[in-house]
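Treat the numbers as computed from the prediction; the structure is a model and nothing was measured.
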Amino acid sequence: MEKATRVAIQGIKASFHEEAAFKFFGKDIETIECNSFKETCEVLEKNGADFVVMAIENSIAGSLLPNYTLIRDYNFAIAGEVYLPIQLHLMALPGVKFEDIKFVTSHPIAIRQCIDFFDQYPHLKVVESVDTAACAKKISDEQLTDTVAIANLLAAELYGLNIIERRIESNKKNFTRFLILKKDKTEEVHVNKASICFQVSNHVGALAKVLNIFAENNVNLTKIQSMPVLGKRNEYYFYVDLEWKNLESYDTVVRKTLKYTVNFNIMGEYVKNDKV
């Protein structure tokens, strides 16, 4: 019998990270629960998992900048991506009514994404936590009758909670992009997207020269993210996502870009997957 694929996630079962893992790999996986993104990387580094699923950006909250640094520092390969619509529900123990509620608990980003809903109920005390699913589990474990969690349907089902209010997120077009990480960089076939990282020298037009190489070779830049180089003034890493229709165009771009950049690193070549 084949062993299940081991996937490390930040958070616990029924978190959005596990939901993203199910969407990419299917449900027949072994989820390795971790307390932090750094811990997921440590688990993968020590061969305690086959893959990591890591959130990298949210359409409302923006990029998770420390995660770019983790991927670069551990030199993991990006093997794929998955987009997950973030649907947030208010959930409580069976029998609890809205008027019984005194506390709302969830991850700070989830709370921020539901701010319009809570503006209507200023008497509710908001309590931040490390993980949406962990909040649901705590209500179930401790039988808290005065507390609701903001989490996904998976958490309500797993921890036996009732949904009091559905879809309380302010923006219904809310989604998070997750990256699939693996330890070794291997050649993939039929790839049409890449994530790269580089620095350019600090002079006029240095970055523009690189960006023009992409345009001239019909390679589409879908994301650019800058981050300061630790301890170096006016020096930045640029994290860039590229898509192409013709692999030769991408190969040309890589060859030409090497001339105008330093610390150039292909973080991963994979198949584009932007279905939400």
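For residues 226-254, every residue pair satisfying the salt bridge (Lys or Arg N to Asp or Glu O under 4.0 Å) rule, not counting sequence neighbours, is listed here: R177-D241, K193-E243, E243-K272. Applying the ring-ring contact (aromatic ring centres under 6.0 Å, His included) rule to pairs touching residues 42-61 yields F25-F51, sequence neighbours excluded.
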Before you tell me yes or no, could you show the steps for Y74 and K38 under side-chain hydrogen bond (donor to acceptor under 3.5 Å, both in side chains), namely the whole-Å CA-CA distance, both residues' side-chain angles and the distance that decides it to 0.1 Å?
CA-CA 10 Å; Y74 280 89; K38 185 168 176 50; 3.0 Å; yes
When you look at K223 and S195, which way does the side chain to side chain contact (heavy atoms under 4.5 Å, CB included) test go after all the steps?
CA-CA 9 Å; K223 177 172 175 130; S195 296; over 6 Å; no
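Residues V127 and V104 fail the side-chain proximity criterion, which asks for heavy atoms closer than 4.5 Å. Within the 4.5 Å cutoff, the side chain of D146 has no heavy atoms near those of the D100 side chain. Within the 4.5 Å cutoff, no side-chain heavy atoms of T132 are placed close to those of N152.
Shown here is K182, whose NZ atom has more than 12 heavy atoms of other residues, nucleotides or ligands within 6.0 Å. Taking a 6.0 Å sphere around CG of D28, one finds it holds 12 or fewer heavy atoms contributed by other residues, nucleotides or ligands. Environment of CG in N246: crowded, with over 12 heavy atoms of neighbouring residues, nucleotides or ligands closer than 6.0 Å. Within 6.0 Å of atom CG in N218, 12 or fewer heavy atoms from other residues, nucleotides or ligands are found, so the atom counts as exposed in its surroundings. More than 12 heavy atoms of other residues, nucleotides or ligands sit less than 6.0 Å from atom NZ of K23.
Here the side chain of T176 pairs no donor or acceptor atom with the backbone of L84 at under 3.5 angstrom. No donor-acceptor distance shorter than 3.5 angstrom exists from the side chain of K138 to the backbone of A149, with no hydrogens or angles considered. Here the side chain of D50 pairs a donor or acceptor atom with the backbone of R6 at under 3.5 angstrom. Distance alone, capped at 3.5 Å, places no donor-acceptor pair between the N220 side chain and the W244 backbone. Within the 3.5 Å criterion, the main-chain N or O of G80 finds no donor-acceptor partner in the side chain of N273. Remark: the backbone N or O of L88 is paired with a side-chain donor or acceptor of E169 at under 3.5 angstrom. Remark: side-chain polar atoms of E33 are paired, donor with acceptor, to backbone N or O of K13 under 3.5 angstrom. No donor-acceptor pair closer than 3.5 Å links the side chain of N171 to the backbone N or O of Q113. Judged by distance alone, with hydrogens and angles left aside, the side-chain atoms of S106 form no donor-acceptor pair with the main-chain N or O of I111 at under 3.5 Å. For the pair H89 (side chain) and A151 (backbone), a donor-acceptor distance under 3.5 Å is absent.
With ring centers used as reference points, F24 lies 6.0 Å or more from F178.
Under the side chain to side chain contact (heavy atoms under 4.5 Å, CB included) criterion, N263 pairs with Q199, not counting sequence neighbours.
To the nearest 0.5 Å, atom CZ of residue F98 and atom CD of residue E165 are 6.5 Å apart.
A side-chain donor from one of S201 and H203 sits under 3.5 Å from a side-chain acceptor of the other.
Using cut-offs of 30° and 60° on the angle between ring planes, the pair Y239 and Y237 is tilted.
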